[in-house]
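Heads up: the structure comes next, in structure tokens.
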Amino acid sequence: MLKVLGIIPARGGSKGVPRKNIKMLGGKPLLAYTVESAHRSELLARTILTTDDPEIAEIGRGLGADVPFLRPAELASDEAPTFPVIMHALIAAEATDGHYDAVCLLQPTNPFRTATDIDVCIRMLERSEEHTSELQSH
């Protein structure tokens, strides 16, 4: 079984829809849907909310999200690519939790993703890993 880290990136700035991650949708902040799905997932070992914004961090904590740090400003600009954001969160998580086998990126702008969707993807990855190992042993 893979040890998978869920990462929810939710920065404060946005050119298109300012503060979109905490805008209300169906009576709750957009971010809530992703946090709830991550909590219901059976296969995520841990999920981290990474943000540069203290208000988003506070709302995330209120939703039960794990917010162990605030993301550095250089990883929160419109120009900042996603990969360094993921690596920053992964390195921080591995410093306390040990090695993770995989990362599941959970964008808050996909509020209709369910815990089942997350778990199905992780199971597919596990089967792929098993198949790859099987092929390499032949």
Side-chain angles (χ1 to χ4, degrees):
M1 182 175 212
L2 294 174
K3 183 177 175 185
V4 181
L5 175 66
I7 298 177
I8 305 171
R11 64 185 183 89
S14 173
K15 287 191 283 191
V17 180
R19 320 279 306 145
K20 69 182 170 210
N21 293 307
I22 54 175
K23 292 272 190 212
M24 299 301 280
L25 175 68
K28 53 188 170 184
L30 180 62
L31 178 63
Y33 295 91
T34 297
V35 171
E36 291 166 2
S37 292
H39 280 152
R40 287 193 300 270
S41 166
E42 296 175 2
L43 300 178
L44 290 172
R46 180 182 182 189
T47 302
I48 291 176
L49 169 62
T50 172
T51 185
D52 62 311
D53 187 293
E55 182 182 12
I56 293 174
E58 189 59 34
I59 289 170
R61 286 185 188 104
L63 296 167
D66 182 0
V67 190
F69 53 80
L70 285 181
R71 188 185 323 163
E74 65 270 14
L75 295 177
S77 71
D78 280 332
E79 295 79 33
T82 304
F83 185 72
V85 172
I86 293 168
M87 289 306 299
H88 177 262
L90 177 61
I91 289 166
E94 286 187 336
T96 58
D97 303 340
H99 175 75
Y100 282 93
D101 300 305
V103 168
C104 182
L105 180 64
L106 302 167
Q107 300 279 14
T109 51
N110 182 5
F112 303 115
R113 169 209 331 95
T114 67
T116 300
D117 295 332
I118 295 167
D119 290 345
V120 165
C121 289
I122 293 170
R123 283 190 185 102
M124 288 174 65
L125 179 61
E126 287 176 337
R127 282 194 303 273
S128 171
E129 290 284 316
E130 290 168 7
H131 182 69
T132 301
S133 295
E134 196 175 285
L135 288 173
Q136 290 174 346
S137 69
H138 286 101

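The structure presented is a predicted model; accordingly, all values stated were derived computationally and were not measured.
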Exercise. Rounded to the nearest 0.5 Å, how far apart are CG of Leu70 and CD1 of Ile56?
Worked result: 10.0 Å
Seminar exercise, completed: Output for pair (Cys121 SG, Arg113 CZ), nearest 0.5 Å, gives 9.5 Å
Would you say that [X] contacts [Y] through its side chain, given a criterion of any heavy-atom pair below 4.5 Å between the two side chains?
X: Val4; Y: Leu44; result: yes
X: Ile8; Y: Ile48; result: no
X: Leu43; Y: Ile118; result: no
X: Ile7; Y: Thr47; result: no
X: Pro108; Y: Pro9; result: yes

For this session: Say whether Thr116 and Asp119, considering side chains only, have a donor N or O and an acceptor N or O under 3.5 Å apart.
Result: no
For residues 18-27, run the donor-acceptor check on the side chains, cut-off 3.5 Å, and write out each pair with its distance to 0.1 Å, sequence neighbours left out.
unit_1 : atom_1 : unit_2 : atom_2 : d
Arg19  : NH1    : Asp53  : OD2    : 2.4
Arg19  : NH2    : Asp53  : OD1    : 3.4
Arg19  : NH2    : Asp53  : OD2    : 3.4
Arg19  : NH2    : Glu55  : OE1    : 2.4
Asn21  : ND2    : Arg11  : O      : 3.2

For this session: Assign the ring pair His88 / Phe69 to parallel, tilted or perpendicular, where the plane angle (0 to 90°) is split at 30° and 60°.
Result: perpendicular
Checking the side chain of [X] only, and the main-chain atoms of [Y] only, is there a donor and an acceptor separated by less than 3.5 Å?
X: Thr51; Y: Ala10; answer: yes
X: Asp52; Y: Arg71; answer: no
X: Ser37; Y: Tyr33; answer: yes
X: Asp101; Y: Lys3; answer: yes

For this session: Write out all pairs satisfying salt bridge (Lys or Arg N to Asp or Glu O under 4.0 Å) with one or both partners inside residues 86-100, taking only residues at least two apart or from two chains.
Result: Arg46-Asp97
Problem set entry | Heavy-atom closest contact (Pro68 atom, Leu49 atom, distance) | CD-O, 4.4 Å
For this session: Treating Ile, Leu, Val, Met, Phe, Trp and Tyr as nodes and any side-chain heavy-atom pair under 4.5 angstrom as an edge, say whether Leu105 and Phe83 lie in one connected cluster.
Result: yes
Problem set entry | Connected via hydrophobic side-chain network under 4.5 Å: Ile86 and Tyr100 | yes
